[in-house]
A.B. asks: 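Once you've had a glance at the structure underneath, I'll fire off some questions.
Each ligand, and each atom within it, is numbered from 1 in the order the structure gives. Values below: all heavy atoms of this structure, side chains included; hydrogens, waters and symmetry mates excluded. Quick caveat, the model's predicted, so the values are computed rather than measured.
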Amino acid sequence: PHQFWETQPIPNINDMDSLKPGPIQEGVLEDVRKDPYNLISKFEWCNIDLRNDEQAQQVYALLKENYVEDDDNMFRFDYSIDFLRWALLPPGQYPDWIVGVKVNQKLVGFITGIPVTLNIENQQTKIKMTEINFLCVHKKIRANRLAPVLIKEITRRVHIKNMWQAVYTAGIVVPTPISQTRYYHRSLNAKKLIEVGFSSLSARQTISRQQKLYKLPEETKTQGLRSMKKKDVAQVTKLLNEYLKKFKLYFKYTEDEVKHWFIPRKDVISTYVVEKEQGIITDFLSFYNLPSQVIKNPKYTHLKAAYSYYNVATQTPIVQLMYDALILAKNEGYDVFNCLDIMENEKFLKELMFCPGDGQLNYYLYNWKLESNMLKPEEIGIVLV
Ligand code: MYA
Ligand code: JJ1
């Protein structure tokens, strides 16, 4: 039933135990195909330059109408152009890893890779590989097997750089997840969430009771909490890399990467550090801005959602730090604060009144067999945007 995935170097349920941990296939650089995969007539490959406003607008428009929806097709991710630039132009990005397919100048297919350094199950070797995201095929040409061609083409372009592994996530299950995680949601604007159908009222609940239940103070509690600045990059890098060693899957960050991923960008990424005396950073929290379009609602077009990114608490209790994250997000106008049950998030989910959502997020590795086939959500130390 998986015509495409059966041909790929991924563990499947049957051969799981006969594979030994590590790469499933050794890559041979000379054997990599030199030219792009064939597309059917009228379809053409293009590289997308997101720094170019017109090209960025084309990607934005494709994703806005055709990217990921929830199970009931009520909400669809609405990534902004600034967000896409943040997500897809990190240090060391390759121009030909942002791949489009066009028909008569119109963008109808998309897939992206960014370079990352991944640490797997405390291996001594950190592996340079790609993180794949934003796979999208226009609704009108679905189920025509374009997705496998996009995947094979980006694979070829990664192989050419002498890289042989990938990490990616998807809401759906395909062969073969290395972890299954769940979304959790914390209501910040109860009335709107009910009105758009994001949450529903149980029999004994009323809107005003919900508003009271989820009420937050206006001011944060942690002394020394402030927006992250460039001067904090070295300390945040140390804190982050040290913290992530707890997990079985995590990226190793350079200072340049931390600068890119964490320095606040308006309406894209918010990072707050806790500065104790003498400029020492002890903790930080971060969340990104990913609104969803509300597909059919007379009153609202968008839901403003904050997604928990990386949070490191060495001095501040994690529950207090995340309570402050909720307050900050509420004050920045978000309707809901979302996070996964990964890393140490279980430590604050219940107490801060997060509720499990109906969405899952599955994690995958390409061309790698893990020692322990499945990782628990709390062993996952990476967040993709
Ligand atoms: S996850 C987000 C994916 N995007 C969306 O969900 C947006 C809305 N949906 C669409 O745009 C389309 O439905 C897509 C499929 C494009 C998803 N991951 O062309 P088809 C397989 C992996 O007829 P379409 C993200 O971005 C499917 O199992 N495989 O289908 C990470 C089937 O194969 P098989 C997927 O619906 C992406 C085949 O494609 C996914 O028109 C990571 C059907 O193709 C999926 N999300 O288009 C990609 N969806 O017959 C893998 C469908 O075998 C990267 N399929 O079951 C692998 C690493 C590559 C780099 C390696 C480097 C070394
Ligand atoms: O947002 C999601 N679910 C919401 C809305 C559900 C609407 C009906 N289907 C949800 N709400 C209930 C919780 C509520 C929160 C406030 C307090 C009371 C309880 O469950 C889900 C996640 O749960 N989102 C999605 O399904 C979107 C797709 C997720 C997969 C993303 C894949 C990305 C891949 C790119 O790498």
A.B. asks: Which ligand 1 atoms does Trp164 reach within 4.0 Å, using its non-hydrogen atoms?
C.D. replies: 63 (C)
A.B. asks: Which residue is it: Arg186, Lys304, Lys192, Lys191? I am looking for the one with a salt bridge (charged side-chain N to carboxylate O under 4.0 Å, His left out) to Asp335.
C.D. replies: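 That would be Lys192; it is the only one of Arg186, Lys304, Lys192, Lys191 passing the salt bridge (charged side-chain N to carboxylate O under 4.0 Å, His left out) with Asp335.
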A.B. asks: Under 4.0 Å from a heavy atom of Ala166: which atoms of ligand 1 are those, numbered in the order shown and with their elements?
C.D. replies: 58 (C), 60 (C), 61 (C), 62 (C)
A.B. asks: Is there side-chain contact between Asp72 and Asp358, with at least one heavy-atom pair below 4.5 Å?
C.D. replies: yes
A.B. asks: If the cut-off is 4.0 Å to any non-hydrogen atom of Val158, which atoms of ligand 1 fall inside it?
C.D. replies: 62 (C), 63 (C)
A.B. asks: Kindly assign one of parallel, tilted or perpendicular to the pair His185 and Tyr183, based on the angle between their ring planes and the thresholds 30° and 60°.
C.D. replies: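 Aromatic pair His185/Tyr183 classed parallel.
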A.B. asks: Do other residues, nucleotides or ligands put more than 12 heavy atoms under 6.0 Å from the CD atom of Glu6?
C.D. replies: yes
A.B. asks: Which of the numbered atoms in ligand 1 are below 4.0 angstrom from a heavy atom of Leu146?
C.D. replies: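 Selected atoms, number and element: 19 (O).
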A.B. asks: Fit a plane to each ring of Trp86 and Tyr288, take the angle between them on a 0 to 90° scale, and name the class: parallel (under 30°), tilted (30 to 60°) or perpendicular (over 60°).
C.D. replies: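 Rings of Trp86 and Tyr288: tilted, as their planes differ by 30° to 60°.
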A.B. asks: What atoms of ligand 2 come closer than 4.0 angstrom to any heavy atom of Gly357?
C.D. replies: 20 (O), 23 (O)
A.B. asks: Applying a heavy-atom cut-off of 4.0 Å, say which part of Asn66 lies close to ligand 1: side chain, backbone, both or neither.
C.D. replies: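 Backbone only.
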A.B. asks: May I ask you to test the Thr222-Gln320 pair for a side-chain heavy-atom distance under 4.5 Å?
C.D. replies: yes
A.B. asks: Numbering the atoms of ligand 2 from 1, which are under 4.0 Å from a heavy atom of Cys355?
C.D. replies: 19 (C)
A.B. asks: Quick one: which ligand 2 atoms are inside 4.0 Å of a heavy atom on Tyr67?
C.D. replies: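 Checking each atom against Tyr67, I get 35 (C).
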A.B. asks: To which protein heavy atom is atom 42 (C) of ligand 1 closest, and what is the distance rounded to 0.1 Å?
C.D. replies: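 The protein heavy atom lying closest is Tyr168 CD1, 3.4 Å.
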A.B. asks: Which residue and non-hydrogen atom of the protein lie closest to atom 36 (O) of ligand 2, and at what distance in Å?
C.D. replies: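 Checking every protein heavy atom, the shortest distance to atom 36 (O) of ligand 2 gives Thr169 OG1, 2.8 Å.
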A.B. asks: Please test Ser187 against Gln210 for side chain to side chain donor-acceptor pair (under 3.5 Å), starting from the C-alpha separation and ending with a verdict.
C.D. replies: CA-CA 9 Å; Ser187 172; Gln210 287 252 319; 5.3 Å; no
A.B. asks: Look at atom 44 (O) of ligand 1 and say which protein heavy atom is nearest, naming residue and atom and giving the distance to 0.1 Å.
C.D. replies: Pro148 CD, 3.2 Å
A.B. asks: Do ligand 2 and Asp358 have nitrogen or oxygen atoms that lie under 3.5 Å from each other?
C.D. replies: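 Among all N and O atoms of Asp358, at least one is under 3.5 Å from an N or O of ligand 2.
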A.B. asks: Mind checking whether Arg145 has an N or O less than 3.5 Å away from an N or O of ligand 1?
C.D. replies: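 Min N/O separation from ligand 1 is below 3.5 Å for Arg145.
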A.B. asks: Look at atom 12 (C) of ligand 2 and say which protein heavy atom is nearest, naming residue and atom and giving the distance to 0.1 Å.
C.D. replies: Phe198 O, 3.3 Å
A.B. asks: Pull out every atom of ligand 1 sitting under 4.0 Å from any heavy atom of Ile172, numbered as shown with elements.
C.D. replies: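 In order of number, 40 (C), 49 (N).
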A.B. asks: Do Leu118 and Ile382 have side chains that approach each other closer than 4.5 Å (heavy atoms only, starting at C-beta)?
C.D. replies: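 Yes, at least one pair of side-chain atoms sits under 4.5 Å.
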A.B. asks: I'd like to know whether Phe348 forms a ring pair (Phe, Tyr, Trp, His ring centres under 6.0 Å) with Phe354, so could you lay out the CA-CA distance, the side-chain angles of the two residues, the decisive distance to 0.1 Å, and finally the verdict.
C.D. replies: CA-CA 8 Å; Phe348 61 79; Phe354 282 76; 5.7 Å; yes
A.B. asks: List the closest protein heavy-atom neighbour of atom 7 (C) of ligand 2: residue, atom name, distance to the nearest 0.1 Å.
C.D. replies: Asp70 OD2, 3.5 Å
A.B. asks: Out of Thr155, Leu62, Leu135, Thr169, who is nearest to atom 1 (S) of ligand 1 when you count heavy atoms only?
C.D. replies: Thr169
A.B. asks: Heavy-atom distance under 4.5 Å between the side chains of Lys128 and Pro115, does that happen here?
C.D. replies: no
A.B. asks: Show the atoms of ligand 2 that are less than 4.0 angstrom away from any heavy atom in Asn133.
C.D. replies: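 Selected atoms, number and element: 35 (C), 36 (O).
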A.B. asks: List the closest protein heavy-atom neighbour of atom 41 (O) of ligand 1: residue, atom name, distance to the nearest 0.1 Å.
C.D. replies: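 Among all protein heavy atoms, the one nearest atom 41 (O) of ligand 1 is Ala143 N, 2.8 Å.
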A.B. asks: Counting C-beta onward and ignoring hydrogens, is there a side-chain heavy-atom pair between Arg157 and Ile111 closer than 4.5 Å?
C.D. replies: no
A.B. asks: Flag Phe4 as yes when one of its N or O atoms lies below 3.5 Å from any N or O atom of ligand 1, and as no otherwise.
C.D. replies: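 Between Phe4 and ligand 1 (N or O atoms, distance only) the closest approach is under 3.5 Å.
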A.B. asks: Output the list of atoms in ligand 1 that are nearer than 4.0 Å to some heavy atom of Ile132, sorted by atom number.
C.D. replies: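 Those atoms are 42 (C), 54 (C), 58 (C), 59 (C), 60 (C).
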A.B. asks: Starting from atom 5 (C) of ligand 1, which protein heavy atom do you reach first, and at what distance in Å?
C.D. replies: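 Going by distance alone, atom 5 (C) of ligand 1 is nearest to Val68 CG2, 3.6 Å.
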A.B. asks: Do the ring planes of Tyr309 and Phe262 sit parallel (below 30°), tilted (30 to 60°) or perpendicular (above 60°)?
C.D. replies: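 If you compare the ring of Tyr309 with that of Phe262, the planes turn out tilted.
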A.B. asks: Determine whether the side chain, the backbone, both or neither of Tyr363 has a heavy atom under 4.0 Å from any heavy atom of ligand 2.
C.D. replies: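 Within the 4.0 Å criterion, Tyr363 makes no contact with ligand 2.
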A.B. asks: Taking both backbone and side-chain atoms of Tyr183, is any N or O found less than 3.5 Å from an N or O belonging to ligand 2?
C.D. replies: no
A.B. asks: Using a strict cut-off of 4.0 Å, indicate which atoms of ligand 2 neighbour a heavy atom of Gly171.
C.D. replies: 30 (C), 32 (C)
A.B. asks: By number and element, which atoms of ligand 1 are closer than 4.0 Å to a non-hydrogen atom of Cys136?
C.D. replies: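 Listed by number with element: 11 (O), 16 (C).
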A.B. asks: Where's the contact between Arg182 and ligand 2, heavy-atom distance under 4.0 Å: side chain, backbone, both or neither?
C.D. replies: neither
A.B. asks: What protein heavy atom sits nearest atom 46 (N) of ligand 1, and how far away is it?
C.D. replies: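 For this ligand atom, the closest protein heavy atom is Ala170 CB, 4.0 Å.
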A.B. asks: Do any heavy atoms of Phe75 fall under 4.0 Å from ligand 2?
C.D. replies: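 It does, in that a heavy atom of Phe75 comes within the 4.0 Å cut-off of ligand 2.
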A.B. asks: Which bit of Val68 gets closer than 4.0 Å to ligand 2, counting heavy atoms only: side chain, backbone, both or neither?
C.D. replies: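 It is the side chain that touches ligand 2; the backbone stays farther off.
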A.B. asks: Does the ring pair (Phe, Tyr, Trp, His ring centres under 6.0 Å) test come out yes or no for Phe75 and Phe198, once each step is laid out?
C.D. replies: CA-CA 9 Å; Phe75 306 97; Phe198 190 92; 5.6 Å; yes
A.B. asks: Tell me: protein heavy atom nearest atom 36 (O) of ligand 1, and distance?
C.D. replies: Arg142 CD, 3.6 Å
A.B. asks: Considering only protein heavy atoms, which is closest to atom 15 (C) of ligand 2, and at what distance to one decimal place?
C.D. replies: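 Nearest protein contact, heavy atoms only, for atom 15 (C) of ligand 2 is His185 CB, 3.4 Å.
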A.B. asks: Output the list of atoms in ligand 1 that are nearer than 4.0 Å to some heavy atom of Tyr366, sorted by atom number.
C.D. replies: 57 (C), 58 (C), 61 (C), 63 (C)
A.B. asks: As a check for students: among Trp5, Tyr364, Phe134, Phe110, identify the option with a heavy atom nearest to atom 21 (C) of ligand 1.
C.D. replies: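 Selected option, by shortest heavy-atom distance: Trp5.
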A.B. asks: Tell me the protein heavy atom at minimum distance from atom 8 (C) of ligand 2, and give that distance in Å.
C.D. replies: Asp72 OD2, 3.1 Å
A.B. asks: Counting only nitrogen or oxygen atoms and a 3.5 angstrom limit, does Glu69 reach ligand 2?
C.D. replies: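 For ligand 2, there is no N or O atom that lies under 3.5 Å from one belonging to Glu69.
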A.B. asks: Just to confirm my output: which protein heavy-atom neighbour is closest to atom 33 (C) of ligand 2, and how far is it?
C.D. replies: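 Of the protein heavy atoms, Leu361 CD1, 4.0 Å lies nearest.
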A.B. asks: Under 3.5 Å, N or O to N or O, is Ser187 touching ligand 2 that way?
C.D. replies: no
A.B. asks: Identify the protein heavy atom lying closest to atom 11 (O) of ligand 1, giving its residue, its atom name and the separation to 0.1 Å.
C.D. replies: Val137 N, 2.9 Å
A.B. asks: Protein heavy atoms: any of them under 4.0 Å from atom 62 (C) of ligand 1?
C.D. replies: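 Yes, there is a protein heavy atom closer to it than 4.0 Å.
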A.B. asks: Considering only heavy atoms of Met74, which atoms of ligand 2 have at least one such atom less than 4.0 Å away?
C.D. replies: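 Contacts of ligand 2 toward Met74, numbered from 1: 8 (C).
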A.B. asks: Give the residue and atom name of whichever protein heavy atom lies nearest to atom 17 (C) of ligand 2, and the separation in Å to one decimal.
C.D. replies: Tyr214 OH, 3.9 Å
A.B. asks: Among Pro356, Ser199, Ser200, which one puts a heavy atom closest to atom 14 (C) of ligand 2?
C.D. replies: Ser199
A.B. asks: Starting from atom 15 (C) of ligand 1, what is the nearest protein heavy atom, named by residue and atom, and what distance separates them?
C.D. replies: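 Nearest protein contact, heavy atoms only, for atom 15 (C) of ligand 1 is Ala147 CB, 3.7 Å.
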A.B. asks: Looking only at heavy atoms of Leu384, does any of them come nearer than 4.0 Å to an atom of ligand 2?
C.D. replies: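 Checking ligand 2 against Leu384, which is what was asked, there is no heavy-atom contact under 4.0 Å.
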